[in-house]
Amino acid sequence: MTEKYAVVVIGGGAAGLSAALVLGRARHRTLVVDAGEPRNAPAAHMQGYLTRDGMPPAEFLALGREEIARYGVELVRDRVVEVRRGADLTEVQGKDLTEVQRKAFTEAQGEDPTAAPGEGFTVVLAGGRTVQARRLVVATGLKDELPAVAGVAERFGRDVLHCPFCHGWEVRDQPFGVLASSPASVHQALMVSQWSKDVRFFLHTVAEEELSDEDLRRLAAAGVEVVPGEVAGLVVEDDRLTGIRLADGTEHARSMLFLAPRAVPQTGLLEGLGAELHDTPFGAYPVVDATGLTTVPGVWAAGNAIGFAEQVVHAASGGYRAASAIVGDLLMTDLDAAAQV
């Protein structure tokens with residue numbers, strides 16, 4: 001028989017582990033499926049999480065995995081490749097089962113095998129395992145697609161950064177560069193000026209005429225120097241960034257480069273279930289309520305699966321909210337079912 005869980009959590013980052021912790025403590029049989037590809041893996045440390053400020057992300061996740069194990073939560077290193085609504089009835093549907101067989105199947109699966117698929121989901125893993133869950137938490141996050149500039153990918157998370165709230169204090173007062181990807185990158189150039197007064201805004205593929213008068217006034221007021229011309233690559237010496245090289249050969253001494261990766265939301269599973277998405281400047285994300293419930297009954301989402309700017313502390317909070325809502329949802333569902341017997 002296919003294994004049955006109360007909840008399957010897809011994704012083992014801060015959001016997924018936080019949800020699993022709450023679910024385990026609420027005595028629900030929970031499975032976490034983790035592909036092992038956290039968004040913040042390139043970073044040496046994470047910041048702004050009270051009591052965990054400066055902790056390496058890998059250490060944070062390792063502690064989280066230890067905590068959920070205390071409550072019987074199972075974690076498997078695998079990838080979910082498909083999710084279907086309803087139980088997987090292919091092995092029994094259409095068969096004339098005896099009452100004994102029906103009872104045994106119902107106890108194992110939580111479903112009447114001759115009924116139409118109802119509550120629950122079938123979850124297929126890349127490793128070949130298939131499990132069932134009454135509820136889902138999708139915490140699959142997003143991927144950062146970096147600009148195609150030589151050297152950027154190799155130094156991302158070290159001296160090529162994207163978030164001043166994550167790294168600004170550690171690199172404060174150094175010479176910053178900001179790589180434009182669109183006129184909206186003006187916002188990033190202005191924000192990083194909070195941490196350094198030596199900021200140069202490299203327009204790269206953005207024409208200066210694309211900046212508004214208000215943009216230019218604010219950049220000037222912040223003391224940010226605008227540098228036109230395409231960026232060809234980074235200057236690296238002794239394994240550290242020392243400058244930005246333009247296509248015309250000129251170099252600008254900089255020790256930090258901020259940029260905005262293109263966010264690629266990992267929404268394939270949600271789309272397959274028919275979840276409604278809404279467009280943002282950073283990609284399309286699922287429509288959710290205050291608890292993370294999507295437009296698909298029984299499916300919650302949390303962390304970067306619901307938005308680009310979800311920091312670790314936000315992701316953990318979102319996982320907690322989703323799990324607590326699921327605990328209440330399952331309880332009321334079961335009580336209502338019992339009352340009708």
Subject >> Minimal non-hydrogen separation, Ala20 against Val32, with atom names >> reply: CB-CG2, 3.5 Å
Subject >> Nearest-0.5 Å distance that lies between atom CG in Leu211 and atom CZ in Arg217 >> reply: 12.5 Å
Subject >> Basic-acidic side-chain contact under 4.0 Å: Arg129, Asp78 >> reply: no
**OP:** For the residue pair His28 and Leu330, establish whether any side-chain heavy-atom pair is separated by less than 4.5 Å.
**Re:** yes
**OP:** Examine Tyr285 and Val288 and state if one hydrophobic cluster contains both, with Ile, Leu, Val, Met, Phe, Trp and Tyr joined whenever side-chain heavy atoms are less than 4.5 Å apart.
**Re:** no
Subject >> salt bridge (charged side-chain N to carboxylate O under 4.0 Å, His left out) between Arg52 and Glu59, intermediate numbers included >> reply: CA-CA 10 Å; Arg52 295 295 180 265; Glu59 182 180 341; over 6 Å; no
Original post:
Hey, are the side chains of Glu170 and His45 touching, using non-hydrogen atoms and a 4.5 Å cut-off?
Top reply: yes
Original post:
Does Asn40 reach the main-chain N or O of Ala43 with its side chain, forming a donor-acceptor pair under 3.5 Å?
Top reply: no
Original post:
Which heavy-atom pair separates Arg155 from Arg240 by the least distance, and what is that distance?
Top reply: NH2-CA, 3.4 Å
Subject >> Pro261 vs Glu145 side-chain heavy atoms within contact, under 4.5 Å >> reply: no
Original post:
Looking only at atom types and distance, does a side-chain atom of Glu67 sit under 3.5 Å from a main-chain N or O of Ala62, one as donor and one as acceptor?
Top reply: no
Subject >> Side-chain heavy-atom pair Val83, Thr122 within 4.5 angstrom cut-off >> reply: no
**OP:** Decide yes or no for Val160 and Leu259: does some side-chain heavy atom of the first lie under 4.5 Å from some side-chain heavy atom of the second?
**Re:** yes
Original post:
Between Asp334 and Arg134, does at least one N-O distance fall below 4.0 Å, as a salt bridge requires?
Top reply: yes
**OP:** Could you check Arg135, Gln132, Glu74 and say which one makes a side chain to side chain donor-acceptor pair (under 3.5 Å) with Tyr5?
**Re:** Glu74
Subject >> Inter-residue atom distance Thr267.OG1 - Leu142.CG, 0.5 Å rounding >> reply: 10.0 Å
**OP:** Give a yes or no on whether the backbone of Gly274 and the side-chain of Glu276 come within a donor-acceptor separation of less than 3.5 Å.
**Re:** no
Original post:
According to a 4.5 Å side-chain heavy-atom criterion applied to Ile, Leu, Val, Met, Phe, Trp and Tyr, with indirect links allowed, do Val312 and Val9 form part of one hydrophobic cluster?
Top reply: yes
Subject >> Positive for salt bridge (charged side-chain N to carboxylate O under 4.0 Å, His left out) with Glu225, one of Arg200, Lys197, Arg254 >> reply: Arg200
Original post:
Do the side chains of Val138 and Leu273 get nearer than 4.5 Å, heavy atoms only?
Top reply: no
Original post:
Does the pair Arg79/Asp34 count as a salt bridge with the N-to-O cut at 4.0 Å?
Top reply: no
Original post:
CG of Asp215 to OG of Ser185: how many Å apart, nearest 0.5 Å?
Top reply: 10.5 Å
**OP:** Give the minimum heavy-atom separation between Cys166 and Cys163, together with the two atoms involved.
**Re:** SG-SG, 2.8 Å
**OP:** Provide the closest heavy-atom pair for Ala290 versus Arg321 in the form atom of the first, atom of the second, distance.
**Re:** O-NE, 3.4 Å
**OP:** Count the heavy atoms belonging to other residues, nucleotides or ligands that lie under 6.0 Å from CZ of Arg27, then report whether that count exceeds 12.
**Re:** no
Original post:
Which value, rounded to the nearest 0.5 Å, describes the distance between Leu203 atom CG and Glu230 atom CD?
Top reply: 11.5 Å
Subject >> Verdict with reasoning, Ile244 to Leu257, per side-chain contact (heavy atoms from CB on, under 4.5 Å) >> reply: CA-CA 8 Å; Ile244 309 300; Leu257 178 66; 4.1 Å; yes
Original post:
What are the two closest non-hydrogen atoms of Val8 and Ala133, and how far apart are they?
Top reply: CG2-CB, 3.5 Å
Original post:
Taking everything shown except Arg25 itself, do over 12 heavy atoms lie less than 6.0 Å from its CZ?
Top reply: no
**OP:** Mind checking the OG-CZ spacing from Ser182 to Arg262? Nearest 0.5 Å is all I need.
**Re:** 12.5 Å
Original post:
How about Leu179 and Pro147: do any of their side-chain heavy atoms sit closer than 4.5 Å?
Top reply: yes
Original post:
Do Arg39 and Phe308 meet the cation-pi criteria used here (NZ or CZ under 6.0 Å from the six-membered ring centre, within 45° of the axis)?
Top reply: yes
Subject >> Side-chain ion pair, Glu82 and Arg84, N-O less than 4.0 Å >> reply: yes
Original post:
What do you reckon, are the aromatic ring centroids of Trp195 and Phe258 less than 6.0 Å apart?
Top reply: no
Original post:
Is there a chain of hydrophobic side chains (I, L, V, M, F, W, Y, each step under 4.5 Å between heavy atoms) that links Val206 to Val231?
Top reply: no
Original post:
Given the rule in the side-chain contact (heavy atoms from CB on, under 4.5 Å) test, do Phe156 and Leu161 qualify, once you have shown the distances and angles that lead to the verdict?
Top reply: CA-CA 6 Å; Phe156 187 58; Leu161 309 169; over 6 Å; no
Original post:
According to a 4.5 Å side-chain heavy-atom criterion applied to Ile, Leu, Val, Met, Phe, Trp and Tyr, with indirect links allowed, do Met55 and Tyr49 form part of one hydrophobic cluster?
Top reply: yes
Subject >> Min side-chain heavy-atom separation Met46-Pro56 under 4.5 Å >> reply: no
Original post:
Which pair of heavy atoms, one from Ser193 and one from Leu190, lies closest together, and at what distance?
Top reply: OG-O, 2.5 Å
Subject >> Pairing of Arg158 and Asp239 as salt bridge, 4.0 angstrom limit >> reply: yes
Original post:
Would Arg85 count as a cation-pi partner of Phe121, with NZ or CZ less than 6.0 Å from the six-membered ring centre and within 45° of the ring normal?
Top reply: no
Subject >> No-hydrogen, no-angle side-chain donor-acceptor test under 3.5 Å, Thr291 and Trp300 >> reply: yes
Original post:
Between CG of Asn304 and CD of Gln311, what distance do you get to the nearest 0.5 Å?
Top reply: 8.0 Å
Original post:
Honestly curious: do Leu23 and Ile68 fall in one hydrophobic cluster under the side-chain, below-4.5 Å linking rule?
Top reply: yes
Original post:
Between the main-chain N or O of Val313 and the side-chain N or O of Ser317, is there a donor-acceptor pair closer than 3.5 Å?
Top reply: no
Original post:
Going through the distances and angles, do Val235 and Leu241 end up as a side-chain contact (heavy atoms from CB on, under 4.5 Å)?
Top reply: CA-CA 6 Å; Val235 181; Leu241 179 67; 5.6 Å; no
Subject >> Arg218 CZ: over 12 foreign heavy atoms closer than 6.0 Å >> reply: no
**OP:** Test side-chain contact (heavy atoms from CB on, under 4.5 Å) on Ser255 and Phe176 and set out the steps.
**Re:** CA-CA 6 Å; Ser255 59; Phe176 288 177; 5.8 Å; no
**OP:** Check the pair Ser196 / Asp198 against side-chain hydrogen bond (donor to acceptor under 3.5 Å, both in side chains), numbers first and verdict last.
**Re:** CA-CA 5 Å; Ser196 174; Asp198 183 1; 5.8 Å; no
Original post:
Is the centre of the His252 ring less than 6.0 Å from the centre of the Phe202 ring?
Top reply: yes
Original post:
For Gln47 and Asp53, does a side-chain donor sit closer than 3.5 Å to a side-chain acceptor?
Top reply: yes
